[in-house]
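One structure is given here, and the rest of the page talks about it.
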Amino acid sequence: MAGTAQAAPCGDTAQGFEAWKAGFAREAAASGVGQRGLAALGAAQYTHRTIAADRNQKSFRYSLERFMELRGSSTIVAQGRKRRARDAAFYDALERHYGVPAGVLIAIHGMETGFGGFMGDTSVVSAIVTLTYDCRRSDFFRPHAIGALKLVDQGAITGATLGARHGELGHTQFLPGNALRYGVDADGDGRVDFYNLADAMASTANFLRQKGWQPGQGYQEGEPNFAVIQQWNAAGVYQKAIAIMAAQIDRR
């Protein structure tokens, strides 16, 4: 509480960012962030394009049909079915362990990064720290900023690791706080690497299961597991698109 009380106020411009970081560093240290994480915080830069992206989120404005067209849903489904067939043993093992069908995981992977084709061009730490400093949604992003700094401490990311404009990282674009909480070392190398496909897919399945996924139940709108898909992304068109594409990918 003392660190929070001493922290500089949020801001709407880059002015004041460095002073705010000094206050946030005390809060982070009080939350258990170590020296590597604090060093990454100190090096974080105010990211103007992150703020621009946050002010211009278009997904909420589109119809479902237009959204799916723009996001290339037919391509995601076609490629997703090939991936499902090619790596059947891998996805079947995930479903046995977590109860989440392959189609859901593959649809998320395709939607988020084009199956790993583009995982971001912005420093994860700088983006998430910028959003925590920004007044619009500071409280929402604060635990994710702490999470990002702890991921640096663990060696899962560095201050230079690139992700999306809002600080999401890896194949399926986890927010850092969720990455810290739900990450799984699926390949057994001793670290959780969200840029490794096995770790990313297992972590995504674990997130959905921990959020209440009911194995064997439906996931279309109105069915029990659709509420879990809603916890992955806030945009209604995104949620519906994932459910529709997942069913098409899962179709045998």
Side-chain angles (χ1 to χ4, degrees), residues 68 71-117 119 147 150-151 154-157 163 168-235 238-252:
M68 293 184 71
R71 298 300 289 267
S73 63
S74 60
T75 300
I76 291 173
V77 169
Q79 293 188 18
R81 287 177 66 82
K82 291 178 182 178
R83 287 171 174 269
R84 175 72 180 89
R86 183 189 69 200
D87 301 320
F90 171 65
Y91 288 106
D92 288 346
L94 286 178
E95 183 167 4
R96 283 194 301 272
H97 190 79
Y98 296 102
V100 181
V104 175
L105 302 177
I106 294 170
I108 289 172
H109 190 201
M111 181 78 85
E112 293 287 357
T113 63
F115 303 112
M119 290 188 271
K150 289 184 176 180
L151 289 173
Q154 293 178 0
I157 63 172
E168 303 98 335
L169 58 103
H171 278 276
T172 57
Q173 303 286 271
F174 266 82
L175 281 166
N178 292 335
L180 182 69
R181 183 171 182 178
Y182 300 105
V184 174
D185 174 21
D187 65 0
D189 69 352
R191 63 188 290 263
V192 180
D193 180 3
F194 292 89
Y195 297 84
N196 169 278
L197 183 61
D199 287 6
M201 290 289 98
S203 298
T204 305
N206 185 47
F207 173 94
L208 295 170
R209 183 61 186 269
Q210 295 300 322
K211 291 293 186 178
W213 192 275
Q214 300 176 45
Q217 297 296 309
Y219 54 77
Q220 296 303 305
E221 188 174 14
E223 296 181 325
N225 287 321
F226 187 75
V228 183
I229 293 176
Q230 289 178 308
Q231 296 187 64
W232 182 264
N233 187 288
Y238 183 105
Q239 299 157 3
K240 295 171 186 176
I242 288 294
I244 292 168
M245 289 189 294
Q248 293 173 349
I249 293 168
D250 276 332
R251 191 176 299 139
R252 303 284 170 73

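These values consider heavy atoms only, across backbone and side chains, with no hydrogens, waters or symmetry-generated copies.
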Open item on the list: As an exercise, state the distance from CG of L94 to CG of D87, rounded to the nearest 0.5 Å.
Closed with: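 If I round to the nearest 0.5 Å, the distance is 10.5 Å.
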With sequence neighbours left out, write down each residue that passes side-chain contact (heavy atoms from CB on, under 4.5 Å) with [X], or none if nothing qualifies.
X: A246; answer: V104, A107, Y219
X: R181; answer: none
X: K211; answer: Y182, F207, V228, Q231
X: L180; answer: K150, L151, Q154

For residues [X] and [Y], determine if any side-chain heavy atom of one lies less than 4.5 Å from a side-chain heavy atom of the other.
X: Q220; Y: I244; result: yes
X: E221; Y: Q239; result: no
X: R209; Y: P215; result: yes
X: I108; Y: I242; result: yes

List in chain and number order the residues that pass side chain to side chain donor-acceptor pair (under 3.5 Å) with [X], two or more places apart in sequence or in another chain; answer none if no residue qualifies.
X: T204; answer: T172
X: D187; answer: N196
X: E112; answer: W232, Y238

Show the nearest heavy-atom pair for residues [X] and [Y], with the distance to one decimal.
X: E95; Y: A102; answer: OE1-N, 4.1 Å
X: P101; Y: D250; answer: CB-OD2, 3.3 Å
X: G170; Y: M119; answer: C-SD, 3.4 Å
X: N225; Y: Q217; answer: ND2-O, 3.0 Å
X: P176; Y: L169; answer: CG-CD2, 4.0 Å
X: R191; Y: A156; answer: NH2-O, 3.4 Å

Output yes when a side-chain donor or acceptor of [X] lies under 3.5 Å from a complementary backbone atom of [Y], and no otherwise.
X: R81; Y: Q248; value: yes
X: R83; Y: I106; value: no
X: D199; Y: D185; value: no
X: R84; Y: I249; value: no

Task: Partners meeting ring-ring contact (aromatic ring centres under 6.0 Å, His included) with H109 (sequence neighbours left out) - done: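 Residues passing ring-ring contact (aromatic ring centres under 6.0 Å, His included) with H109: F115, H171.
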Task: Pair listing, ring pair (Phe, Tyr, Trp, His ring centres under 6.0 Å) test, anchored in residues 76-104, at least two apart - done: none
